[in-house]
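One structure is given below, encoded as structure tokens.
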Amino acid sequence: MTFSETDSPLLEVRDLAVRFDMLRRTIHAVNGLSFKVRAGETFAIVGESGCGKSVTALALLKLLAMPPARISRGSVLFEGQDLMQLPESKLRQLRGPAISYVFQEPMSSLNPSMKIGRQIAEACTLHYGMNRDEALARARELMEMVQLPDAEERLSAYPHQLSGGMRQRTMIAIALACSPRLLVADEPTTALDVTIQAQILDLLSDLQSKTGTGMILITHDLAVVAEYADRMMVMYAGCKVEEGPVDEILDQPRHPYTLGLLQAVPRLGSSLQEGPRRSLEEIKGVVPILDAPSVGCPFAPRCSLAIDICRREMPRPASYGNDHHAACFRGEQVGASD
Amino acid sequence: MEAPTDGAGAGFGTRRDWALPALAGPRAVFRFLGLRLLRAVAIAFAVVTIIFFLFSLVPGDQAAYLAGPGSTQAEIDNLRQSLGLNDPLLVQYARHVTGLLRGDFGTSEVFRSDPLPFILDRIPATLALTGAAIGLTILIGIPAGLVSAMFHTRLPDLTISFSVVALLAVPNFWLGLLLLSLFSVQLGWLPSFGFSGPASLILPSLALAARLVALVARMTRGVTIDELGKDYVRTARSKGLGRTAILMRHVLRNVMIPTLTVIGLQTGYLLGGSVVIERLFAWPGIGDMMINAIGQRDYAVAQAVTILFVVAFLVINLVVELLYLLINPRMRTA
């Protein structure tokens, strides 16, 4: 759309805040989040369950149920256009061709009583004005693209007749139907067997390199991030705590929470049987309830490095060169005490 | 209110082996239908038996009643003998059952003949009434539930939900009386009794359908709200579909699966309601006929109509189960 700004990011989220208005309280699910995704890159969002990853993803195109959700401030610039200012009718035109989604649970994310051919073809009829036959031809093409075997036959299959892996391939075909510029994969492999997980992720990254689409990969699996992502963002309690190139962060994390996540991952080769038994590090404490914005660093109550200022003031992101930022007063000390 | 969550069993009997597993082949479907048919026959037989013995318990001397006032004891005794009422009960029962198997419903003392032609004569009126009531249920109940769900907790929803509770609370004969006094007596818009053209169908079918309309509206609302919260709706939104398209193309079919099942199963109960409503509106159907027969101690007719109701109920249930197979892809072959 905006030819002149080829070096500007595909997606830029600025100071995004999402609230959930419950009966007696307000949940601050996302608090002042900012990040950029460049065209063609894979951007991973990492964090514990409930840290606001999925809410952030759904907020991009206002796919949250509103109410109870409410985007209380911030902007989402997609190709320079602020999506938060657009009316629903304009957003609908962008859902599919601009940004599309692969959801976590392929069984419940597909309509149980609609043939999968139609579910894939639907977006083409809607956005490209294709007639039934053209759309079904396109669906067959997409099914071959995501390597669903026997595409011709499967067009008239129902979701319950497919395996978990095939269902997720169907979801991917739906997401790619309108050749989106940004693909949001929200924990695309959580519901699948380990062996299928790699297949699906390989397929996604393969298709991404073919089509040149940008991808937001939401996951809590750091091994997946290391393998498939270019840059990553670590979220905690609705805030960004660290952002930067994957290699750099995994090599030298600058936020104690990122370090904690890394230490909680078992390493292949560090046998649990032989040698001195070394138990996995856990992050002490629990995720805070988000019914008030935190005054200091949200991680301070669980942080071993926390000092007075951490509890009084929200740390600003400090730069560690090469696009690597961490919101911690003591970033220099992270990992040093080991 | 519960939507079938997965494949097998939903909407069927409670016993597991009667339910058809998801992904069953055509052979399993035939086996399933065969078992259903066998069970229906067994139920019909049991009901015939129960009805026979219940009728034998009805107080009063049938022969004395039929002979009429002023008849002599000898006349009554003769009648009793010719009706076979002096035989042991089990002999009468055997005669009754073998007669039914031959299609013989006994002799109506009022019509002085086989009652079957008279009953068949009245069936179209009852079919028209129940058919109209089901039509009203589908045309009013389902859209009302959908609108209610779309405007969840807002004014249209509150209005519909209030009406639903009101309709469920009102007995159908009283509603019929209210409709009669307003539209026939006060306003004079519609005929108050009998079967004289389509206009006379309106009031009785409204009175008959009211409860089912409310039931279906409430169920449709609940199931739709449930479905709208499901993940596949979010997928549909992420494709760029609007609210109405999502409702009509994605949600409606999933709502119809349990809703049509309930409408089908409730159709049997409409037959019971039609007895009262037909009486109230002097509707020339078999329900009205049954009340007359009971009043006149015409047991042959009363029993025949009761058996007819039971058979209709069983047939409707079988048809509903067949429809459920057709409408729910998860119940069909892999």
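Throughout, protein chains are lettered first and strands after them, A, B, ... in sequence-line order, and every chain is numbered starting at 1.
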Are side-chain heavy atoms of B/Asn254 and A/Pro112 found at a separation under 4.5 Å?
yes
Taking side chain as everything from C-beta outward and backbone as N, CA, C, O, which of these in A/Leu91 sits under 4.5 Å from a heavy atom of chain B? Side chain, backbone, both or neither.
neither
State the OH-NZ distance between A/Tyr101 and B/Lys239, to the nearest 0.5 angstrom.
15.5 Å
When you compare the side chain of B/Ser238 with that of A/Phe103, does any pair of heavy atoms fall below 4.5 Å?
yes
So A/Met114 and B/Arg253, side-chain contact (heavy atoms from CB on, under 4.5 Å) or not? Walk me through it.
CA-CA 9 Å; A/Met114 193 190 268; B/Arg253 184 168 187 145; over 6 Å; no
Please report the interatomic distance OG1(B/Thr235) to CG(A/Leu63), rounded to the nearest 0.5 Å.
9.5 Å
Rounded to the nearest 0.5 Å, what separates atom CD in A/Gln119 from atom NE2 in B/His250?
6.5 Å
Please flag which part of A/Leu64 lies under 4.5 Å from any non-hydrogen atom of chain B: side chain, backbone, both or neither.
backbone
So OG of A/Ser109 and CZ of B/Arg234: to nearest 0.5 Å the spacing works out to 5.5 Å
To the nearest 0.5 angstrom, please state how far the OG1 atom of A/Thr125 sits from the CZ atom of B/Arg249.
7.0 Å
To the nearest 0.5 angstrom, please state how far the CZ atom of A/Arg92 sits from the CG atom of B/Leu241.
8.5 Å
Mark yes when over 12 heavy atoms from residues, nucleotides or ligands other than A/Arg70 sit less than 6.0 Å from its CZ; otherwise mark no.
yes
Counting heavy-atom pairs under 4.5 Å with chain B, the top scorer among A/Ala175, A/Ala157, A/Pro97, A/Ser113 is A/Ser113
Under a 4.5 Å heavy-atom cut-off, does chain B meet the side chain of A/Lys62, its backbone, both or neither?
backbone
